[in-house]
Amino acid sequence: MASLLRRPTGSWYIQFDDGNGERRTLSLGKVPKKAAEATKLRVEHLVAAHVSGTPIDNDTAKWLATTGEKLRGRLARLGLAESR
């Protein structure tokens with residue numbers, strides 16, 4: 001399970017357990033709340049697949065394919081996606 005949090009500056013970030021007992025943080029920046037919530041849901045799917053060693057679902061794979069370079073790089077650094 002991931003948590004969506006907002007900094008005092010108005011930017012959003014997601015915290016999650018990486019499966020090894022370590023808390024990880026994904027910064028989203030200043031995005032609308034709905035976009036942050038949607039990203040949190042996708043991150044939860046990526047974490048679940050990573051922890052269980054199963055492939056990601058088709059919807060999450062399509063979303064991942066359309067993410068921007070900046071977000072994709074952040075996800076790759078956290079071990080949730082491959083870099084392009």
Side-chain angles (χ1 to χ4, degrees):
M1 169 102 28
S3 299
L4 180 62
L5 304 156
R6 191 170 188 186
R7 292 190 170 96
T9 60
S11 63
W12 293 96
Y13 64 102
I14 298 169
Q15 285 192 327
F16 62 92
D17 186 332
D18 68 358
N20 295 323
E22 204 162 317
R23 196 83 169 140
R24 300 289 185 156
T25 301
L26 172 66
S27 295
L28 301 177
K30 289 187 178 182
V31 297
K33 184 176 181 179
K34 285 193 177 203
E37 289 170 341
T39 303
K40 175 189 166 275
L41 179 64
R42 296 301 182 186
V43 167
E44 287 177 338
H45 288 260
L46 291 170
V47 170
H50 177 74
V51 169
S52 65
T54 58
I56 58 175
D57 61 276
N58 288 337
D59 289 338
T60 303
K62 288 176 188 175
W63 172 82
L64 191 56
T66 62
T67 58
E69 291 295 321
K70 196 172 188 178
L71 179 58
R72 181 68 180 254
R74 290 175 183 173
L75 291 168
R77 282 190 297 276
L78 293 169
L80 298 178
E82 294 181 13
S83 59
R84 289 192 180 143

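Since the structure is predicted, the reported quantities are computational estimates derived from the model, not experimental observations.
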For Glu22, does its backbone N or O pair with a side-chain atom of Asn20 as donor and acceptor, under 3.5 Å? no

Leu80 vs Arg74 side-chain heavy atoms within contact, under 4.5 Å: no

Quick one: does Thr60's side chain get under 4.5 Å of Leu41's, heavy atoms only? no

If you measure from NZ on Lys30 to CZ on Arg7, what distance do you get to the nearest 0.5 Å? 11.5 Å

Same apolar cluster: Leu78 and Leu64, side chain cutoff 4.5 Å: yes

Donor-acceptor pair, side chain of Lys40 and main chain of Leu5, under 3.5 angstrom: no

Look up atom OG1 in Thr67 and atom CZ in Arg42, then write down how far apart they are to the nearest 0.5 Å. 11.5 Å

Say whether Tyr13 and Phe16 are linked into one hydrophobic cluster, either directly or through other cluster members, by side-chain heavy-atom distances under 4.5 angstrom. no

With side chain to side chain contact (heavy atoms under 4.5 Å, CB included) as the test, would you mind laying out the steps for His50 and Asp18 before giving the verdict? CA-CA 8 Å; His50 177 74; Asp18 68 358; 5.6 Å; no

Are Trp12 and Thr39 close enough that some pair of their side-chain heavy atoms sits under 4.5 Å apart? no

Nearest heavy-atom approach of Ala36 to Ile14 is O-CD1, 4.4 Å

Checking Gln15 side chain against Ser3 main chain: does a donor-acceptor pair fall under 3.5 Å? no

Ignoring hydrogens and geometry, is there a side-chain-to-backbone donor-acceptor pair from Arg72 to Glu82 under 3.5 Å? yes

Would you check if the side chain of Ser52 reaches a backbone N or O of Ala48 as a donor-acceptor pair within less than 3.5 Å? yes

Leu46 side chain near Trp63 side chain, heavy-atom distance below 4.5 Å: yes

What one should report as the nearest heavy-atom pair of Val51 and Gly19 is CG2-CA, 3.7 Å

